[in-house]
Amino acid sequence: MKLNAEQDAAVKLISGPCLVLAGAGSGKTRVITNKIVHLVKHCDYLAKNISAVTFTNKAAREMKERISQSLGKQDARGLMVSTFHSLGLDIIKREYKVLGMKSGFTLFDAQDTMALLKELTQKQLHEDSDLLKALTLQLSQWKNALILPPQAKKYAKGERDIIFAYCYELYQRQLKAYNALDFDDLIVMPTLLFKLNAAVRLRWQKKIRYLLVDEYQDTNTSQYELIKALVGERARFTVVGDDDQSIYSWRGARPENLMLLQRDFPQLKVTKLEQNYRSSQRILKAANALIANNPHEFEKRLFSELGYGEPLKVLFVKNEIHEAQRVVSELSGHKFMNGSAFKDYAVLYRGNHQSRLLEKSLLEHRIPYKISGGTSFFARSEVKDIMAYLKLLVNHNDDNAFLRIVNTPRRMIGPTTLEKLGSYANLRHIGIFAASFEMGLQETLSGRGLAALQAFTKWLVELNDRLTSEDQIAVVRDLINDIGYEDWLYESSPSPKAAEMRMKNVSMLFKWVTQMLKGDDLHEKITLEQVVARLTLRDVLSRNEDEEGMDQVQLMTLHASKGLEFPYVYLIGMEEGLLPHQVSIDEDNVEEERRLAYVGITRAQKELTFIVAKERIQYGEIITSTPSRFLLELPQDDLDWESGPLIKTAEQKQNIAKKGMASLNALFD
DNA sequence: TCGAAAGACTTTTTT
DNA sequence: AGTCTTTCGA
């Protein structure tokens, strides 16, 4: 595929810092991949000195495949294409000693973090799930802004912040005791390390001689600091971003980082990609009209040469049940008429829960579908169990994992035994695993409980010993066999069929572990410890056996759809309170919701259909809804409303009136 | 120690 | 409405 002039300019800009402002569908991934190929083929860079960073595993995987295709396996050797978090993990893996950590650390996922905080706060805050959520959010925000416990404590004002800052300190101390890290630490730790230790920083600057960052508008403060530390004075980097597609501010993303770049690197060269190669002119016009309602730092005018295209449709349905049925019937009718494939269709929605009814409806019609995003696999108890076993196997200090599986399957180690063990460990300030070997335990614990406990810990120690000398795959296999997990599944599942399903998941997990331990053309061999961390980051090599090849309708959230494209898109739940989500309306953050809608619209290549339900069940109650304000912001001439534009509420009438005024004012400006 | 039944809680988005 | 959690009784 040939590059256009702007794309080509962006590729060839290699002597200094480079910012590419790339509108939706303007071929930004193509620029990144071509640039890497260019660097290797024409600029004497070795692939192993180039690092490309993305936000999602999927994006990283696809990019890696594309590059190694055009570069060849040999030249692509050692190329680092990863998510921010995997990059952080790689850095920590090599520098853990400098960071004061022991080898064999555990990565805590959101649930682990939650569980730990729950335990830590039980005495301070009484159990209050809202507060707990606020706390996790606050801790994450502090970390993303590179604020450590001492600073948090110092600058905390108000009772709540003081308590939170104290919890933060406690939490970090506990993580350290477990030899564990959370997701945010994967960015924060390397960043601080580079800030404080020049030697290590230089080593990494030497290793990563060119850095490329995708979806730059999604970076938070700590990520930007990490980038700056990595590129150093040489400032050889390319970042690609689009402020209109910034949809992650809720997790600390700061699209201002696009502006900051100009301040921090005065020699920055900026290129704009404004030709869209994805959507019909009509779809693009609608997207432009929508996003024009947001303020802009960088002006850009996206255009398309792909023909005007069909009008966008707006369908009305009675409720969410009809919505699901309508999508499916529209879709299968359209497919029949057009002779297209299922995989040409995507149904996009705001929240994960909206997929449930769709799934049901698709199942009834025997339509193959794929839900991406949903955590379903790793949320299953059998998968969590095995993951906990693996975590504990590589890190005996992980009390969290210990408590999850010490009695699963049954080992006759009940709550009383564990409580005594726990308080003993607390008393001695050691982990519960280590405590199980202490002689002093004999005084409080009955012989049988102690015997069962020590049998368990001894068994794990032996397995762990084998990790260094033997085939790690065999050790994992033995672990699953030793615990008799399959029998336990059949015992504890409601039906043999359910047990069979669950065992299949265990096998899938085992397969992934095996693949990652072995490595392949694109991926080096890694240790079990790394495998476990990667799995926690949901970074698995090949997706389920049937990733690409299968002809399936795609179901996903708007967030998950970013970066993808589909010929026919259905955008469901286009209602006030759902697409501008109520929470965002209340918090006066409709702009980000508008960007979310923009992302959704710009996924479509040929046809786009909106669906509005007149009523919807929320918390078991029927709510009558009004069409999303975003529908009214689109060019009405290009919209095909099924039953005439419904303008109901006074607010929406006002909205239209205001817009009228605005365009009137524009005439006189 | 386990299963059933009542009760609480959910619905924003992710590494 | 549906799912996850807690509680109670056997």
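Each chain gets a letter, A, B and so on, in the order its sequence line appears, and its residues count up from 1. Predicted, not measured: the structure shown is a model, and the values here were computed from it.
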Between B:dT15 and A:F55, is there a base-stacking contact, meaning the centre of the base's six-membered ring lies under 5.5 Å from the residue's ring centre while the planes stay under 30° apart?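 One would not call A:F55 stacked on the B:dT15 base.
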
May I ask whether A:H85 stacks on the base of B:dT15, given the cut-offs of 5.5 Å between ring centres and 30° between planes?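 Aromatic stack with B:dT15 absent for A:H85.
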
Assess, by modelled atom type and distance only, whether the side chains of [X] and [Y] contain a donor and an acceptor separated by less than 3.5 Å.
| X | Y | answer |
| --- | --- | --- |
| A:T113 | A:D182 | no |
| A:Q552 | A:Q554 | no |
| A:K318 | A:Q325 | no |

Nearest to the side chain of [X] - [options]?
| X | options | answer |
| --- | --- | --- |
| A:H353 | B:dT14, C:dA1, B:dT11 | B:dT11 |
| A:N352 | B:dT15, B:dT11, B:dT13 | B:dT13 |
| A:R251 | B:dT13, C:dG2, B:dT15 | B:dT15 |
| A:A110 | C:dA1, B:dT14, B:dT15 | B:dT15 |
| A:H581 | B:dT11, B:dT15, B:dT13 | B:dT11 |
| A:R356 | B:dT14, B:dT15, C:dG2 | C:dG2 |

Using modelled atom types and a 3.5 Å cut-off, is there a donor and acceptor pairing between side-chain atoms of A:K28 and backbone atoms of A:V240?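 A pair under 3.5 Å: no.
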
From [atom1] of [X] over to [atom2] of [N], roughly how many Å is that when rounded to an integer?
| X | N | atom1 | atom2 | value |
| --- | --- | --- | --- | --- |
| A:I623 | B:dT10 | CD1 | C1' | 14 Å |
| A:E215 | B:dT14 | CD | C1' | 13 Å |
| A:E621 | B:dC9 | CD | P | 17 Å |
| A:F378 | B:dT15 | CZ | P | 11 Å |
| A:R616 | B:dT10 | CZ | C1' | 16 Å |
| A:I371 | B:dT13 | CD1 | C1' | 16 Å |
| A:L348 | B:dT13 | CG | C1' | 14 Å |
| A:L535 | B:dT15 | CG | C1' | 14 Å |

Paired and unpaired positions of DNA chain B as dot-bracket, Watson-Crick or G-U wobble under 3.5 Å, | denoting a partner strand: ||||||||||.....

If you take the centroid of each ring, where Trp contributes its six-membered ring, are A:F84 and A:F55 closer together than 6.0 Å? yes

For the aromatic rings, using the six-membered ring if either is Trp, is the centroid distance between A:Y178 and A:F402 under 6.0 Å? no

A:D398: partners by salt bridge (charged side-chain N to carboxylate O under 4.0 Å, His left out), with sequence neighbours left out: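 None.
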
Say we look at C:dT6 and B:dT11: how far apart would their P atoms be, to the nearest angstrom? 16 Å

Using OP1 and OP2 only, check whether a side-chain N or O of A:T536 sits under 4.0 Å from B:dT15.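 For B:dT15, OP1/OP2 do not have a side-chain N/O of A:T536 under 4.0 Å.
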
NA contact type, A:Y248, heavy-atom cut-off 4.0 Å: base, sugar-phosphate, or nothing? sugar-phosphate

Does NZ or CZ of A:R538 come closer than 6.0 Å to the centre of the six-membered ring of A:F378, within 45° of the ring's axis?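 Pair A:R538/A:F378 counts as cation-pi.
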
